[in-house]
Amino acid sequence: MRAKSLVVTAALSVLVLAACGSRVSNQGTPPSGPSQGGGANIASDTGVTANDIKVGAIVGLTSPLGPTTFSGSLYGAKAYFDALNAAGGVNGRKVTFVQCDDHGSGPDNAACVRKLVDDEKVFALAGVAAFNYDGAPYLNSKGVPDIAGQPIGNAYDQYPHLYSLYGSYYPRDGGRPGYGGTLYAGTENYRWLKENLNTKTAGVVYYNVAPSQRYAKSVADGLRQEGYTVIEKEINLGLPNFDAAVLDMKSRGVDVIFDAMEDTGNLSLCKSMQAQGLTVKAKVTTSQGWTDTFGKTFADAPGCRSATYAISSTRNYNDTSYPAVAKFREAMAKYEPAREGQLNMWTFEGYVSAAWLTDAMRSCGVNLTRGCVESFMNRPQDYTGDGLLAPRNFTKIPAPPATDHNCIEVAKWEDSANGGKGAWATQGKGLDTNCFDVPNLPYPAE
């Protein structure tokens with residue numbers, strides 16, 4: 001089980017890099033309300049009738065890693081489509097949302113793809129979180145668009161009909177991911193911490209297995225590019241000794257810590273930091289760790305918990321001062337009340353995935369086709385999802401840029417927030433203006 005958790009962590013770590021190094025640069029159609037295109041609806045494409053659009057989702061509801069690891073995006077997408085249907089749908093068509101549980105398994109994922117494409121005959125996919133996306137080649141071969149999915153693996157960096165939540169400038173021609181097997185990421189996260197918290201010496205903690213090592217190296221390379229002194233600490237997965245690593249980082253003045261580990265390892269690291277008296281300006285988690293349950297999970301390490309930051313190119317789902325975020329919270333409370341207190345960034349991004357597909361469908365008017373949806377996705381204009389995302393698009397470029405302009409949202413866990421229940425509070429400037437021109441660094445796709 002621990003080995004599987006590690007593999008998940010490594011895969012999710014790639015997601016963080018994708019978020020930092022994607023094509024993020026403005027306007028998308030607001031994700032609410034029915035379209036008012038002229039003319040009568042027709043049965044214009046597979047999965048589309050005059051009154052209905054069938055959309056599919058693939059998630060790991062019964063993954064060996066538990067029912068929540070790969071399911072959050074499903075609940076967000078469901079809430080969006082329920083609210084959309086209540087408002088009249090897309091040009092009078094309601095969305096029928098069908099799901100398939102791939103159990104986090106590659107063969108089951110391939111079976112889910114065939115079920116949705118061949119049996120259910122879905123028009124498109126939304127809210128996908130596939131740990132092993134073995135069905136991606138078949139989905140792509142059938143020309144079924146997968147809109148704004150979570151790029152846990154490399155499929156979204158390979159296939160032209162798969163559109164990552166984070167945008168992309170890669171060729172996506174069906175060959176090796178990225179540019180010949182190389183992906184790119186910016187250094188904006190490290191720049192923000194340096195400029196806002198004056199961090200100078202970074203600890204990078206990882207396991208002694210290849211996926212964790214690869215991600216840790218990419219983090220260390222980015223930190224060094226931003227002028228940090230980097231202390232790399234490898235943990236033996238079979239016989240972990242966090243105290244030794246923590247004591248060494250303490251003696252060397254580490255003031256910010258990154259990791260390439262799962263929640264269990266993170267909690268052990270935080271407990272050791274507390275026991276050994278290591279305090280830092282920031283302990284940085286991934287966007288996958290940006291959850292409502294974070295406070296409870298790290299209850300035994302309150303010092304580390306209160307120093308934890310999360311960084312993403314998606315708006316903070318707790319910040320209801322933004323009307324589009326408030327709509328998300330309202331939709332979740334009305335249509336998915338069982339998720340109260342269990343929301344996370346992936347739930348929010350599943351909601352945004354459904355919004356992005358809806359905006360693309362809305363652009364087609366009565367003649368809804370996959371080709372029209374993909375024309376919307378491939379247009380040169382940036383998309384923001386009504387301000388829920390940093391601007392992004394899918395304009396392909398022949399070679400990676402040396403620098404990139406990336407915008408991020410930074411949040412910190414605050415125990416006093418949410419009436420003392422704890423919540424993620426946005427720090428400093430928000431997603432609209434928290435932007436940096438940074439180096440674009442390579443890392444291997446696998």
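Quick caveat, the model's predicted, so the values are computed rather than measured.
- Using modelled atom types, one finds a donor on one side chain and an acceptor on the other under 3.5 Å when comparing Glu374 with Tyr163.
- Summarising the geometry, atom CD1 belonging to Ile397 is positioned 9.0 Å from atom OG belonging to Ser168; distances are rounded to the nearest 0.5 Å.
- Using a cut-off of 4.0 Å between Lys/Arg side-chain N and Asp/Glu carboxylate O, Lys283 and Asp259 are scored as salt-bridged.
- Partner of Asn41 under the side-chain hydrogen bond (donor to acceptor under 3.5 Å, both in side chains) criterion, chosen from Thr49, Asn51, Asn91, Asp52: Asn91.
- Qualifying side-chain hydrogen bond (donor to acceptor under 3.5 Å, both in side chains) partners for Asp45, counting only residues two or more places apart in sequence or in other chains: none.
- In this structure, Arg392 does not pair ionically with Asp382, as no charged nitrogen and carboxylate oxygen lie closer than 4.0 Å.
- With sequence neighbours excluded, no residue forms a ring pair (Phe, Tyr, Trp, His ring centres under 6.0 Å) with Tyr309.
- Residues Leu84 and Phe81 are in side-chain contact: their nearest non-hydrogen atoms beyond the backbone lie under 4.5 Å apart.
- Qualifying side chain to side chain contact (heavy atoms under 4.5 Å, CB included) partners for Asn196, counting only residues two or more places apart in sequence or in other chains: Trp192.
- Between the side chains of Thr187 and Glu226, at least one donor-acceptor pair of N or O atoms lies under 3.5 Å.
- Nearest heavy atom pair, residue Leu269 against residue Ile257, reads CD2-CG2, 4.1 Å.
- Residue pairs satisfying the salt bridge (charged side-chain N to carboxylate O under 4.0 Å, His left out) criterion with at least one member in residues 168-186, sequence neighbours excluded, are absent.
- In this structure the side chain of Phe328 never reaches within 4.5 angstrom of the side chain of Thr320, judged on heavy atoms.
- Met377 contributes atom CE, which lies 10.0 Å from atom OG of Ser363 (distance to the nearest 0.5 angstrom).
- The pair Lys54-Glu120 meets the salt-bridge criterion, with a side-chain N (NZ, NE, NH1 or NH2) lying under 4.0 Å from an Asp/Glu carboxylate O.
- Side chain of Asn316 to main chain of Val410: no donor-acceptor pair is present (N/O by atom type, distance under 3.5 Å, no hydrogens or angles).
- A donor atom on one side chain and an acceptor atom on the other are not found under 3.5 Å apart for Asn85 and Tyr80.
- Using a cutoff of 4.0 Å between basic side-chain nitrogens and carboxylate oxygens, Arg315 and Asp386 are not scored as salt-bridged.
- Across Pro380 and Asn393, no two heavy atoms sit closer than the pair O-ND2, 3.5 Å.
- Considering Leu357, Thr358, Val122, Val90 as possible partners of Ile53, the one that fulfils the side-chain contact (heavy atoms from CB on, under 4.5 Å) test is Val90.
- Of all heavy-atom pairs between Ala260 and Tyr215, the closest is CB-CD2, 3.4 Å.
- Rounding to the nearest 0.5 Å gives a distance of 6.0 Å between CG of Leu389 and CG of Leu165.
- No donor-acceptor pair closer than 3.5 Å links the side chain of Ser164 to the backbone N or O of Pro151.
- Using a 4.5 Å heavy-atom cutoff, the side chains of Cys372 and Asn367 are not in contact.
- Side chains of Asp437 and Thr403: no donor on one and acceptor on the other come within 3.5 Å.
- Counting non-hydrogen atoms of neighbouring residues, nucleotides and ligands closer than 6.0 angstrom, the NZ atom of Lys194 exceeds 12 such neighbours.
- Within the 4.5 Å cutoff, the side chain of Asn189 has heavy atoms near those of the Ile408 side chain.
- Checked by atom type, the side-chain pair Glu349/Thr314 shows a donor-acceptor distance below 3.5 Å.
- Residues that satisfy the side-chain hydrogen bond (donor to acceptor under 3.5 Å, both in side chains) test with Tyr156, not counting sequence neighbours, are Asp146.
- Residues Tyr207 and Glu262 bring a donor and an acceptor atom of their side chains to less than 3.5 Å of each other.
- Side-chain contact check for Phe97 versus Lys78: some heavy-atom pair is nearer than 4.5 Å.
- In this model, no donor atom of one side chain and acceptor atom of the other lie less than 3.5 Å apart for Asp292 and Gln342.
- Pairs of residues two or more places apart, or lying in two chains, that qualify as side chain to side chain donor-acceptor pair (under 3.5 Å) and include a residue from residues 103-113 are Thr62-His103, Asp101-His103, Asp102-Asn109.
- Distance alone, capped at 3.5 Å, places no donor-acceptor pair between the Glu409 side chain and the Ser312 backbone.
- Around atom NZ of Lys334, no more than 12 heavy atoms belonging to other residues, nucleotides or ligands sit under 6.0 Å away.
- The line from CG of Leu139 to SG of Cys112 is 11.5 Å long, rounded to the nearest 0.5 Å.
- Atom NZ of Lys217 has 12 or fewer neighbouring heavy atoms from other residues, nucleotides or ligands inside a 6.0 Å radius.
- Of all heavy-atom pairs spanning Ala79 and Met332, the tightest one is CB-SD, 3.5 Å.
- Looking only at side-chain heavy atoms (C-beta outward), Arg329 and Asn318 come within less than 4.5 Å of each other.
- A cation-pi arrangement is absent between Arg191 and Phe436, since the terminal nitrogen or guanidinium carbon is not both under 6.0 Å from the aromatic centre and inside a 45° cone about the axis.
- Residues Pro171 and Tyr179 are in side-chain contact: their nearest non-hydrogen atoms beyond the backbone lie under 4.5 Å apart.
- The main-chain N or O of Val209 is never found under 3.5 Å from a side-chain atom of Arg214 such that the two would form a donor-acceptor pair.
- If you look at Phe258 and Tyr206, their ring centroids are not closer than 6.0 Å.
- Between Ala390 and Cys407 the shortest heavy-atom distance is CB-O, 3.7 Å.
- We find the CD-CD distance between Gln150 and Gln288 to be 8.0 Å, quoted to the nearest 0.5 Å.
- A pairwise comparison of heavy atoms in Gly222 and Leu441 identifies CA-CD1, 3.7 Å as the closest pair.
- With rounding to the nearest 0.5 Å, the separation of CH2 in Trp413 from OG in Ser306 is 11.5 Å.
- With hydrogens and angles disregarded, a donor-acceptor distance shorter than 3.5 Å links the side chain of Thr297 to the backbone of Thr293.
- No donor-acceptor distance shorter than 3.5 angstrom exists from the side chain of Thr182 to the backbone of Gly178, with no hydrogens or angles considered.
- Aromatic rings from Trp290 and Phe348 are positioned such that their centres are separated by 6.0 Å or more.
- Put simply, the side chain of Tyr75 never gets that close to the backbone of Glu336: no donor and acceptor are under 3.5 Å apart.
- Remark: side-chain polar atoms of Trp356 are not paired, donor with acceptor, to backbone N or O of Gly385 under 3.5 angstrom.
- Between the Asp404 side chain and the Gly186 main chain, no donor and acceptor come within less than 3.5 Å of each other.
- Side chain to side chain, Tyr133 and Asn154 fail the donor-acceptor criterion of an N or O pair below 3.5 Å.
- Residue Glu195 qualifies as enclosed at atom CD: its count of foreign heavy atoms under 6.0 Å is above 12.
- Here the side chain of Glu188 pairs no donor or acceptor atom with the backbone of Asn406 at under 3.5 angstrom.
- Contact of the Val256 side chain with the Leu197 side chain is not registered, since no non-hydrogen atoms from C-beta on lie closer than 4.5 Å.
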